[in-house]
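Keep in mind that this is a model prediction, so the values were computed, not measured. Computed from heavy atoms alone, side chains included, the values below leave out hydrogens, waters and symmetry copies.
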Amino acid sequence: MSQTGKLYGVGVGPGDPGLLTLRAAEVIRDCPVLAVPVSGGERQLALEIVRQAVPEAAAKELLRLDFPMVHDRARLRQSHDQAAARVMAVLDTGRDVAMLSLGDPSLYATYSPIQERVLAAGYQAVTIPGVPSFCAVAARLNMSLTRPHLPVHIIPGGYPGVEEALKAPGTKVLMKAGKEAARVAGLLRDRPHAARMVSDCGLPTEEVWEDLSRVEGQRSYFSTILIREEG
């Protein structure tokens with residue numbers, strides 16, 4: 001039996017092509033196939049970032065993987081099963097696959113369920129970390145995420161218990177929170193806080209919000225809210 005290929009989960013950072021790591025660029029150059037998640041939220045932004053940072057990526061074979069933006073667990077499992085099967089079919093030809101992931105592949109990434117299925121089937125998978133969006137946002141705002149003896153909480157924007165989560169001490173990070181900005185501003189109105197938001201960090205469409213009370217309507221899907229409280 002011929003040797004199978006290897007899957008790489010490659011973090012491409014939040015938006016600025018300059019934040020793509022040297023290791024990520026090396027893997028992208030070496031892999032003949034790039035797997036690109038396609039969904040209502042992510043579009044093909046990861047591919048756009050990579051093509052700016054690694055010109056060789058333009059000549060790569062693309063494997064577009066559909067991920068529906070739904071909460072139905074059965075549909076999600078089905079889409080993950082189908083995407084993993086397509087990746088493994090390429091690996092069976094002996095070719096390596098680099099699956100592109102915005103930010104870091106270990107944080108709310110479409111790569112995770114594919115990685116799990118590939119490993120369970122006996123294939124090899126390697127994760128290449130990337131700059132997480134909330135770290136890039138903190139840098140953009142010139143603020144520290146931490147204080148001694150206080151935790152950092154990472155919360156998905158669509159988390160149903162967001163109101164309770166905001167009561168926790170320390171720093172709260174709300175990822176992909178564009179739909180929740182106005183509601184979060186209301187929840188924090190009467191509390192001591194330092195809440196700020198960056199949408200599309202590192203992209204030409206970047207917006208910085210120093211005061212959430214001024215946010216109106218739905219913002220970009222790629223919005224990160226940072227709330228730092230001392231206790």
Side-chain angles (χ1 to χ4, degrees), residues 11 13-15 37 39-42 45 67-77 79-80 101-116 127 129-202 206-231:
S39 67
E42 290 190 359
L45 180 56
F67 292 93
M69 297 290 288
V70 298
H71 295 290
D72 184 282
R73 293 187 178 183
R75 281 193 62 191
L76 287 174
R77 279 196 301 271
S79 69
H80 295 157
S101 179
L102 287 172
D104 182 274
S106 65
L107 282 168
Y108 301 116
T110 49
Y111 168 69
S112 296
I114 308 307
Q115 175 197 39
E116 292 170 1
T127 301
V131 176
S133 60
F134 59 86
C135 290
V137 166
R140 175 65 180 83
L141 295 171
N142 277 323
M143 65 177 284
S144 170
L145 285 170
T146 58
R147 280 287 186 268
H149 313 300
L150 285 175
V152 176
H153 308 269
I154 302 173
I155 307 161
Y159 178 59
V162 66
E163 184 171 358
E164 190 64 27
L166 290 178
K167 298 177 183 178
T171 299
K172 274 74 67 176
V173 175
L174 272 69
M175 298 179 64
K176 300 179 180 178
K179 292 182 179 180
E180 301 296 320
R183 184 162 78 95
V184 170
L187 293 173
L188 297 172
R189 186 173 295 117
D190 300 322
R191 294 171 52 203
H193 66 278
R196 294 190 277 175
M197 181 176 79
V198 178
S199 300
D200 294 346
C201 186
E206 178 182 276
E207 292 182 295
V208 177
W209 303 85
E210 299 283 353
D211 182 354
L212 287 192
S213 67
R214 299 181 180 276
V215 177
E216 296 180 355
Q218 181 175 323
R219 310 315 302 173
S220 168
Y221 178 76
F222 301 109
S223 296
T224 301
I225 298 174
L226 300 183
I227 305 157
R228 195 179 72 186
E229 299 175 288
E230 300 304 321

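Interatomic distance, Cys201 SG to Arg140 CZ, rounded to the nearest 0.5 Å: 7.5 Å. We find the CZ-OG1 distance between Phe134 and Thr224 to be 9.0 Å, quoted to the nearest 0.5 Å. How far OG of Ser199 is from CZ of Phe222: 11.0 Å, rounded to the nearest 0.5 Å. Remark: Tyr221 OH to Met175 CE distance equals 9.5 Å, nearest 0.5 Å. Atom OG of Ser223 sits about 12.0 Å away from atom NZ of Lys176, to the nearest 0.5 Å. From Glu210, atom CD reaches atom CZ of Arg196 across 4.5 Å, with rounding to the nearest 0.5 Å.
Between Leu226 and Val198 the shortest side-chain heavy-atom distance does not fall below 4.5 Å. Between Ile225 and Trp209 there is no side-chain heavy-atom pair separated by less than 4.5 Å. Side-chain contact between Glu116 and His80: absent, with no pair of heavy atoms (C-beta onward) separated by less than 4.5 Å. No side-chain heavy atom of Val131 sits under 4.5 Å from any side-chain heavy atom of Asp104. Annotation: side chain of Arg228 is in contact with side chain of Ser144 (closest heavy-atom distance under 4.5 Å). Side-chain contact between His153 and Pro151: present, with at least one pair of heavy atoms (C-beta onward) separated by less than 4.5 Å. Inter-residue side-chain proximity for Ile227 and Thr171 is flagged as unmet; no heavy-atom pair is nearer than 4.5 Å.
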Evaluation steps, side-chain contact (heavy atoms from CB on, under 4.5 Å), between Val173 and Ile155: CA-CA 6 Å; Val173 175; Ile155 307 161; over 6 Å; no
Mind running side-chain contact (heavy atoms from CB on, under 4.5 Å) on Leu76 and Phe67 for me, showing each step along the way? CA-CA 8 Å; Leu76 287 174; Phe67 292 93; over 6 Å; no
Test Leu166 against Leu174 for side-chain contact (heavy atoms from CB on, under 4.5 Å), laying out the working first. CA-CA 10 Å; Leu166 290 178; Leu174 272 69; 3.9 Å; yes
Worked check of side-chain hydrogen bond (donor to acceptor under 3.5 Å, both in side chains) between Thr127 and Gln115: CA-CA 9 Å; Thr127 301; Gln115 175 197 39; 3.1 Å; yes
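When all heavy atoms of Ala138 and Leu145 are compared, the closest pair comes out as CB-CG, 3.8 Å.
Counting only distance, with no hydrogens or angles, the side chain of Lys167 and the backbone of Glu163 share no donor-acceptor pair below 3.5 Å.
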